[in-house]
Amino acid sequence: MLHSLLQLSPEEMKYQVTDIEFDFDDPDEEFTQHHFDKITDQTIGQIWDADDEDDLVEEITCATGWCIKSIDYRYILQ
């Protein structure tokens, strides 16, 4: 029974973002390039807990408020 429950709730993995490109092409927002650079710089190198790549993208999108065009990352072994 416990073994079955563990299979239903996968353990989160740790990911470190090595490169990311956000979709900053929103014409309704009036931010400076400095603002965009700061968001990118704060995301690169940060370690994120996620179930998989889709969850990682969702976590970063929710945290920054910006959609992601492309992302590179590495797994952090625990």
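In this chain, numbering begins with 1 at the start of the sequence shown.
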Run the side-chain contact (heavy atoms from CB on, under 4.5 Å) test on D51 and E12 for me, step by step, so that the C-alpha distance in whole Å, both residues' side-chain angles and the decisive distance to 0.1 Å come before the verdict. CA-CA 5 Å; D51 295 328; E12 284 189 333; 3.2 Å; yes
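Every residue two or more places apart in sequence or in another chain that forms a side-chain contact (heavy atoms from CB on, under 4.5 Å) with S70 is listed here: E21. Every residue two or more places apart in sequence or in another chain that forms a side-chain contact (heavy atoms from CB on, under 4.5 Å) with Q42 is listed here: K38. Remark: K14 pairs with D49 by the salt bridge (charged side-chain N to carboxylate O under 4.0 Å, His left out) rule, at least two apart or across chains. Judged as a side chain to side chain donor-acceptor pair (under 3.5 Å), and not counting sequence neighbours, the contacts of Q16 are R74. In this structure, the side chain to side chain donor-acceptor pair (under 3.5 Å) partners of Y73, at least two apart in sequence or on a different chain, are E53. Listed by chain and residue number, F24 satisfy the ring-ring contact (aromatic ring centres under 6.0 Å, His included) test with F22 (two or more places apart in sequence, or in another chain). Taking the side-chain contact (heavy atoms from CB on, under 4.5 Å) definition, one finds that T61 meets it with V57, I68, sequence neighbours left out. Evaluation of the side chain to side chain donor-acceptor pair (under 3.5 Å) rule for D54 yields no partner, not counting sequence neighbours.
In terms of hydrophobic clustering, with Ile, Leu, Val, Met, Phe, Trp and Tyr side chains grouped at heavy-atom distances under 4.5 Å, F31 and I60 are assigned to a common cluster. In the hydrophobic clustering of ILVMFWY residues, with side-chain heavy atoms under 4.5 Å counting as a link, I47 and I20 come out apart. Placement of I71 and F36 within a single hydrophobic cluster is found when ILVMFWY residues are connected by side-chain heavy-atom separations under 4.5 Å, directly or transitively.
The distance from the CG atom of L56 to the OH atom of Y75 is 9.5 Å, given to the nearest 0.5 Å. Atoms CD1 and OG1, from I39 and T64 in turn, are 6.5 Å apart once rounded to the nearest 0.5 Å.
Nearest heavy-atom pair across W48 and E59 is CZ3-O, 4.0 Å. When every heavy atom of D52 is checked against every heavy atom of D55, the shortest pair comes out as OD1-N, 2.8 Å. In plain terms, the two heavy atoms of Y15 and A50 that are nearest each other are CE1-O, 3.5 Å.
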